[in-house]
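Okay, structure first, notes after.
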Amino acid sequence: MEIRDAVALTTGGASGLGLTAARWIVAASGRVVLLDLPGSDGAAACEELGSGARFSPGDVTSEEDVRAALDPAA
Ligand SMILES: NC(=O)c1ccc[n+]([C@@H]2O[C@H](COP(=O)([O-])OP(=O)(O)OC[C@H]3O[C@@H](n4cnc5c(N)ncnc54)[C@H](O)[C@@H]3O)[C@@H](O)[C@H]2O)c1
(Lines give C-alpha, C1' and ligand atoms only; values in the text may rest on other atoms or scores of the structure.)
Protein backbone atom coordinates (compact mmCIF):
# COMPACT_ATOMS: atom_id res chain seq x y z
CA MET A 1 0.00 0.00 0.00
CA GLU A 2 1.33 3.48 -0.88
CA ILE A 3 1.27 5.54 2.34
CA ARG A 4 3.42 8.51 1.28
CA ASP A 5 1.28 11.68 1.16
CA ALA A 6 -1.88 9.73 2.01
CA VAL A 7 -4.10 11.10 4.79
CA ALA A 8 -5.61 8.59 7.20
CA LEU A 9 -8.36 9.06 9.75
CA THR A 10 -7.42 6.97 12.77
CA THR A 11 -10.27 6.33 15.21
CA GLY A 12 -9.24 5.74 18.80
CA GLY A 13 -5.92 7.19 17.69
CA ALA A 14 -4.82 8.57 21.06
CA SER A 15 -3.61 5.23 22.39
CA GLY A 16 -3.15 1.53 21.79
CA LEU A 17 -3.75 0.11 18.33
CA GLY A 18 -4.88 3.44 16.88
CA LEU A 19 -1.78 5.31 18.03
CA THR A 20 0.48 2.49 16.84
CA ALA A 21 -1.16 2.65 13.41
CA ALA A 22 -0.71 6.44 13.38
CA ARG A 23 3.00 6.08 14.21
CA TRP A 24 3.48 3.67 11.29
CA ILE A 25 1.61 5.98 8.90
CA VAL A 26 3.68 9.04 9.87
CA ALA A 27 6.90 7.00 9.71
CA ALA A 28 5.93 6.07 6.14
CA SER A 29 5.51 9.79 5.27
CA GLY A 30 1.72 9.75 5.48
CA ARG A 31 -0.41 12.10 7.56
CA VAL A 32 -3.05 11.29 10.15
CA VAL A 33 -6.06 12.81 11.80
CA LEU A 34 -6.57 11.27 15.22
CA LEU A 35 -10.25 11.03 16.14
CA ASP A 36 -10.55 10.27 19.82
CA LEU A 37 -12.59 11.32 22.83
CA PRO A 38 -12.09 14.93 24.07
CA GLY A 39 -10.69 13.65 27.39
CA SER A 40 -8.17 11.37 25.69
CA ASP A 41 -4.43 11.92 25.19
CA GLY A 42 -4.98 12.94 21.55
CA ALA A 43 -3.24 16.31 21.84
CA ALA A 44 -0.16 14.77 23.44
CA ALA A 45 -0.14 12.02 20.82
CA CYS A 46 -0.13 14.67 18.09
CA GLU A 47 2.79 16.45 19.70
CA GLU A 48 4.70 13.20 19.65
CA LEU A 49 3.78 12.51 16.02
CA GLY A 50 4.72 15.99 14.80
CA SER A 51 3.41 18.15 12.00
CA GLY A 52 1.94 15.20 10.09
CA ALA A 53 -0.75 14.68 12.72
CA ARG A 54 -3.83 16.55 13.88
CA PHE A 55 -6.17 15.80 16.74
CA SER A 56 -9.90 15.96 16.14
CA PRO A 57 -11.65 15.48 19.49
CA GLY A 58 -14.93 13.61 19.20
CA ASP A 59 -16.90 10.41 19.53
CA VAL A 60 -16.71 7.96 16.63
CA THR A 61 -20.40 7.08 17.17
CA SER A 62 -21.37 10.71 16.39
CA GLU A 63 -21.91 11.49 12.70
CA GLU A 64 -21.28 15.17 13.42
CA ASP A 65 -17.94 14.43 15.10
CA VAL A 66 -16.82 12.13 12.28
CA ARG A 67 -17.75 14.77 9.69
CA ALA A 68 -15.74 17.33 11.68
CA ALA A 69 -12.74 14.98 11.62
CA LEU A 70 -13.04 14.50 7.86
CA ASP A 71 -12.66 18.26 7.25
CA PRO A 72 -8.99 18.47 8.31
CA ALA A 73 -8.41 15.08 6.63
CA ALA A 74 -9.53 16.60 3.33
N1 LIG B 1 -9.11 -8.67 17.86
C2 LIG B 1 -7.98 -8.57 18.53
O3 LIG B 1 -7.12 -9.42 18.49
C4 LIG B 1 -7.76 -7.34 19.34
C5 LIG B 1 -6.54 -7.16 19.96
C6 LIG B 1 -6.34 -6.01 20.70
C7 LIG B 1 -7.39 -5.10 20.84
N8 LIG B 1 -8.57 -5.32 20.24
C9 LIG B 1 -9.65 -4.34 20.34
O10 LIG B 1 -9.25 -3.16 19.63
C11 LIG B 1 -9.79 -2.02 20.31
C12 LIG B 1 -8.66 -1.04 20.67
O13 LIG B 1 -7.79 -1.66 21.59
P14 LIG B 1 -6.62 -0.83 22.25
O15 LIG B 1 -5.77 -1.80 22.98
O16 LIG B 1 -5.99 0.02 21.21
O17 LIG B 1 -7.45 0.04 23.31
P18 LIG B 1 -7.09 1.45 23.98
O19 LIG B 1 -8.03 1.57 25.14
O20 LIG B 1 -5.62 1.59 24.21
O21 LIG B 1 -7.46 2.50 22.86
C22 LIG B 1 -8.77 2.76 22.52
C23 LIG B 1 -8.88 4.25 22.17
O24 LIG B 1 -10.19 4.47 21.68
C25 LIG B 1 -10.69 5.65 22.25
N26 LIG B 1 -12.14 5.59 22.25
C27 LIG B 1 -12.95 4.83 23.02
N28 LIG B 1 -14.23 5.05 22.72
C29 LIG B 1 -14.23 5.98 21.71
C30 LIG B 1 -15.27 6.64 20.98
N31 LIG B 1 -16.57 6.36 21.20
N32 LIG B 1 -14.92 7.55 20.02
C33 LIG B 1 -13.60 7.82 19.77
N34 LIG B 1 -12.59 7.22 20.43
C35 LIG B 1 -12.90 6.31 21.40
C36 LIG B 1 -10.09 5.69 23.65
O37 LIG B 1 -10.11 7.02 24.18
C38 LIG B 1 -8.70 5.16 23.39
O39 LIG B 1 -7.78 6.21 23.07
C40 LIG B 1 -10.52 -2.54 21.55
O41 LIG B 1 -11.89 -2.65 21.23
C42 LIG B 1 -9.91 -3.91 21.76
O43 LIG B 1 -10.81 -4.78 22.43
C44 LIG B 1 -8.76 -6.42 19.48
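None of the values given here were measured: they were computed from a predicted structure. As the structure lists them, so they are numbered: ligands from 1, and atoms in each ligand from 1. By convention here, the first residue in the shown sequence is residue 1.
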Q) Minimum heavy-atom separation for Val33 to Ala69, with atom names? A) CG1-O, 3.8 Å
Q: Would you mind checking which non-hydrogen protein atom is closest to atom 8 (N) of ligand 1, with the distance to 0.1 Å?
A: Leu17 CD1, 3.9 Å
Q. Would one find an N or O of Asp36, backbone or side chain, under 3.5 Å from an N or O of ligand 1?
A. yes
Q. Atom 41 (O) of ligand 1: protein heavy atom closer than 4.0 Å?
A. no
(Q) Name the residue from Val7, Ile3, Thr20 that meets the side chain to side chain contact (heavy atoms under 4.5 Å, CB included) definition with Ile25. (A) Ile3
Q. Taking distance alone, with no angle check, do Leu35 and ligand 1 share an N/O pair under 3.5 Å?
A. no
**Q.** Derivation of the side-chain contact (heavy atoms from CB on, under 4.5 Å) call for Val66 and Leu35
**A.** CA-CA 8 Å; Val66 173; Leu35 170 60; 4.0 Å; yes
Q: May I ask you to identify the nearest protein heavy atom to atom 19 (O) of ligand 1, giving residue, atom name and distance to one decimal place in Å?
A: Ser15 OG, 4.1 Å
Q.
So, taking the atom named CG in Asp65 and the one named OG in Ser56, what distance separates them when rounded to the nearest 0.5 Å?
A. 7.5 Å
Q | Ligand-residue contact atoms, ligand 1 with Gly58, heavy atoms, under 4.0 Å | A | 32 (N), 33 (C)
(Q) Which option wins on minimum heavy-atom distance to atom 28 (N) of ligand 1: Leu37, Asp59, Thr61? (A) Leu37
**Q.** Close approach of Thr11 to ligand 1, heavy atoms, under 4.0 angstrom
**A.** no
(Q) Please report whether atom 3 (O) of ligand 1 has a protein non-hydrogen atom at a separation of less than 4.0 Å. (A) no
Q) Any idea which protein heavy atom is nearest atom 32 (N) of ligand 1, and the distance to it? A) Val60 N, 2.9 Å
**Q.** Under-4.0 Å protein heavy-atom contact, atom 38 (C) of ligand 1
**A.** yes
Q. Any protein heavy atom lying closer than 4.0 Å to atom 34 (N) of ligand 1?
A. yes
Q) Just by modelled atom types, is the Gly42 backbone N or O under 3.5 Å from a matching donor or acceptor in the Asp36 side chain? A) no
Q: Kindly give the heavy-atom pair with the smallest separation between Thr11 and Val60, and that separation in Å.
A: CG2-CG2, 3.5 Å
Would you tabulate the side-chain donor-acceptor contacts of residues 44-54 under 3.5 Å, counting partners in other chains and residues two or more places apart, or write 'none'?
residue, atom, partner, partner atom, Å
Glu48, OE1, Arg23, NH2, 3.0
Glu48, OE2, Arg23, NE, 2.6
Glu48, OE2, Arg23, NH2, 3.4

Q: Mark the output for Gly13 as yes if a heavy-atom distance to ligand 1 is under 4.0 Å, and as no if none is.
A: no
**Q.** atom 24 (O) of ligand 1: the protein heavy-atom neighbour that sits closest, reported with distance to 0.1 Å
**A.** Gly12 CA, 3.3 Å
Q | For Gly16, the ligand 1 atoms whose distance to one of its heavy atoms is below 4.0 Å | A | 16 (O), 20 (O)
